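What you are looking at is a predicted structure, and each value in this text was computed from that prediction instead of being measured.
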Amino acid sequence: MPVSPNQLQFTDSLTRTKRPFVPLVPDHVGIYVCGPTVYSDSHLGHAKSYVGFDVIVRWLRFLGYSVRYVQNITDVGHLTDDADEGEDKLIKTARLNQVHPLELAERFTRRYFRDMDALGVQRPDISPRASGHIPEQIEIITALIERGNAYVVNGSVYFSVASFPQYGRLSGRDVEDGEEGHRVQVRSEKRDARDFALWKAAEGGHILRWNSPWGVGFPGWHIECSAMSSRYLGESFDIHGGGLDNQFPHHECEIAQSQAAGHAFARCWLHNNLVTVDGRKMSRSLGNFTTIEQALSNNDAAAVRLWVLSTHYRSPADYSASSLTAVKGGLDRLRTALRGATEAAAQASVAPAALDASFLGEVAAAEGAFAAAMDDDCNTPLALGALFDMARVLNTATAKGQLSRGALEAACQRMLALGGTVLGVLDAAATNAVSADAAPYVDLLVQARTRLKNAKAFEHADWLRTELAARGVVIEDTAAGTRWRFSAE
RNA sequence: GGCGCCAUAGCCAAGCGGUUAGGCAGCGGAUUGCAAAUCCGUUCAGCCCGGUUCGACUCCGGGUGGCGCCUCCA
């Protein structure tokens, strides 16, 4: 049962406007997001992109939509430099590692999912591989040739940009006639410098190759997304997402191919902004990246998610160790509030209390603010503000201790729904994963400290507390006794 | 060179033509054996120059600075 489906708005890159989201089929959403080219490890840039779309999908589902989320895996056709002249990225890397290209692809596909799982990114419903959809790609290319939008040269097929006047609309560039005074014209078999490859004839030693009506070869990079999106979502579907750096040429080419082939294609385009380091784009080619594996080796996954969601998906996020540290304090705050209220609920009376109504009213207000923020182009930074408001409401209520169990439990459930189900930064345990192994030993040390404290041996008790703090264990003496927790990592 | 985006307090980051964003950090108070956590209070804003307006951080114009795309990249 949708909460407020009519309020949901997205900023559509194609029209450059924010407008209400209206799905093609009521209560159903088809979304396609450009996935990774699997030739190396994923980094924080991928984390921002896929956590961002993860939360968009989670929000759609939270609103009650039935979502089909398709995200491709690119394992063929992605060339190293010029879109039509370079070497296939996978083949190149595989050659250097002396493995089969698809062996390399399989390895990094698994690592990609491993990293995304660790980040709490819910898997797409369908993860189609480009190499597994060659017939679908050939089908579209054939149609484009028949319609006069593509031509064959020496066993390769190129899309004729001149045949598609709308080319350039998405990326907002005027490509009427070649004003490429600066670009050095590479010797090419293309009729027009703007044309791009749909199919490339395979050279002698090319490992990834398939038969086609035009000879042995392999598909171009862009065509996979046109083929696989229509296969699983239909010729027209609701949302197409991807990184801002794919807006041109990749998405521009997708539109040209699909629409020239007669497909209505994506109704709304969402573009995720980039992660920067010292103001510069984080990328594989610049080498200034932190892999997700590295980031998670010394940071809580929830902290990385919270870091991502602290910036709007359309804004760039500058990465630094200190920016991540600052987020951890906030994560601790959210966890403390949820944990405190959960504990308070367990001890509260079952009978309704006088303050319940106003308390639940404040919770509902925060929840409403959260929903309004998410409905407004998935504004997670603003939504987080509402979640922090809710944390304060819970903290205040917990301190007063004059609420019924039912009211407190309801509030905890709401906070878990928003912070957990939607954002994926909170869970019922409200702590981090490493606690399970160390817990018995920390318990013992905390009990030892309590005995010292009871014996008024404060110097020794404080020493123990300090030493535990240095190891990430925070001790809190409360009226109900001493408790402890791990600070966010 | 072309196209586009952004400039908010010590740091990060939102909304909004007039009403506290929020988080982290700092300061004061309550609380505590001392802390921690929490609550209350509080310091610190809107790159520069014009314009519109009763009123602009918010709209418009012009600067300046930064970034992205125009090869590959989420």
Between NE2 of H312(A) and C1' of A14(B) the distance, given in whole Å, is 10 Å
Ignoring hydrogens and angles, tell me if any N or O in the side chain of D192(A) forms a donor-acceptor pair with the backbone of A162(A) under 3.5 Å. no
RNA chain B nearest-nucleotide lookup for S323(A) and D278(A): closer to the 5′ end is S323(A)
Nearest to the side chain of N246(A), which nucleotide is it out of A36(B), A13(B), A74(B)? A74(B)
For atom P, what is the distance between G22(B) and C39(B), given to the nearest Å? 12 Å
Counting neighbours of CZ on R16(A) that are heavy atoms of other residues, nucleotides or ligands and sit closer than 6.0 Å, is the number greater than 12? yes
Pairwise C1' distance, C6(B) and G41(B) [rounded to whole Å]: 35 Å
Which comes earlier along RNA chain B counting from the 5' end, the contact point of S171(A) or that of K453(A), where each point is its nearest nucleotide? S171(A)
Note: contacts of residues 42-53 of chain A with RNA chain B (heavy atom, under 4.0 Å) are H43(A), G45(A), H46(A), S49(A), Y50(A)
Picking from A36(B), A74(B), G33(B), the nucleotide nearest the side-chain atoms of R465(A) would be G33(B)
Looking at every strand, decide which applies to V33(A) at a 4.0 Å heavy-atom threshold: base, sugar-phosphate, or nothing. nothing
Just to be sure I understand the rule, does R483(A) reach a base, reach only the sugar-phosphate, or reach nothing, if contact means heavy atoms closer than 4.0 Å? nothing
Check: Y232(A) and Y32(A) side chains under 4.5 Å, non-hydrogen atoms: no
The side chain of N395(A) is closest to which nucleotide in this list: G68(B), U38(B), G2(B)? U38(B)
For D54(A) and A74(B), give me the distance from atom CG to atom C1', rounded to whole Å. 14 Å
Taking 4.0 Å as the cut-off, does a side-chain nitrogen or oxygen of N272(A) come that near to OP1 or OP2 on A74(B)? no
D245(A) CG - G4(B) C1' separation (whole Å): 14 Å
For a quick test of reading the model: is some side-chain N or O of S315(A) closer than 4.0 Å to OP1 or OP2 of A14(B)? yes
Between R16(A) and C5(B), does any side-chain N or O lie under 4.0 Å from OP1 or OP2? no
Which residue, Y50(A), Y112(A), F289(A), forms the ring pair (Phe, Tyr, Trp, His ring centres under 6.0 Å) with H43(A)? F289(A)
Dump the intermediate steps for salt bridge (Lys or Arg N to Asp or Glu O under 4.0 Å) on R335(A) and D300(A), then the final yes or no. CA-CA 13 Å; R335(A) 285 173 168 167; D300(A) 209 314; 3.2 Å; yes
For the aromatic rings, using the six-membered ring if either is Trp, is the centroid distance between H251(A) and H222(A) under 6.0 Å? no
Distance, rounded to the nearest Å, where H251(A) contributes NE2 and A74(B) contributes P: 10 Å
Counting distance alone, no hydrogens or angles: does the base of G33(B) have a donor or acceptor under 3.5 Å from a partner atom on the side chain of D462(A)? yes
Separation of A74(B) P from I31(A) CD1 (nearest whole Å): 17 Å
Are more than 12 heavy atoms from other residues, nucleotides or ligands located less than 6.0 Å from atom CG of D278(A)? no
Using whole Å, what does the distance between atom P of nucleotide C5(B) and atom CZ of F248(A) come to? 17 Å
Looking for any heavy atom pair under 4.0 Å, which part of the strands does Q247(A) touch: base, sugar-phosphate only, or nothing? nothing
Donor-acceptor pair between D375(A) and Q9(A) side chains, under 3.5 angstrom: no
With P as the reference atom in both, quote the distance from G18(B) to A56(B) in angstrom, rounded to an integer. 11 Å
With rounding to the closest Å, how many angstrom separate the C1' atoms on G55(B) and U64(B)? 27 Å
Can you tell me, in whole Å, how much space there is between the P of A25(B) and that of C11(B)? 16 Å
Which nucleotides of nucleotides 15-24 of chain B have their base under 4.0 Å from a protein heavy atom (B), which only their sugar-phosphate (S), and which neither (-), written as one string 5' to 3'? S-----BSSS
Would you check if the side chain of R414(A) reaches a backbone N or O of A364(A) as a donor-acceptor pair within less than 3.5 Å? no
Suppose you measure atom C1' in C5(B) against the same atom in U42(B); what distance do you get, rounded to whole Å? 36 Å
Tell me whether the OP1 or OP2 atom of C69(B) has a side-chain N or O from K281(A) closer than 4.0 Å. yes
Between atom CG in L244(A) and atom C1' in A74(B), what is the gap in whole Å? 10 Å
P-based separation of C27(B) from G66(B) [nearest Å]: 35 Å
Geometric cation-pi criterion R123(A) and F113(A), 6.0 Å radius, 45° cone: yes
Rounding to an integer number of angstrom, what distance separates U19(B) and G29(B) when you compare their P atoms? 31 Å
Residue among D12(A), T11(A), D376(A) satisfying side chain to side chain donor-acceptor pair (under 3.5 Å) with K18(A): D376(A)
Dot-bracket pairing map - RNA chain B, Watson-Crick plus G-U, both contacts under 3.5 Å, | cross-strand: (((((((..(((.....[...))).(((((.......)))))....(((((..]....))))))))))))....
Across the strands shown, which category fits S285(A) at heavy-atom distances under 4.0 angstrom: base, sugar-phosphate, nothing? base
From the set A14(B), G68(B), C34(B), return the single nucleotide nearest to any side-chain atom of D477(A). C34(B)
Donor-acceptor pair between W307(A) and N299(A) side chains, under 3.5 angstrom: no
Check whether the ring centres of W199(A) and Y158(A) lie less than 6.0 Å apart, and answer yes or no. no
CZ of R280(A) versus C1' of C69(B): gap in Å, rounded? 14 Å
Would you please classify the geometry between the F265(A) ring and the W269(A) ring as parallel, tilted or perpendicular, with 30° and 60° separating the classes? tilted
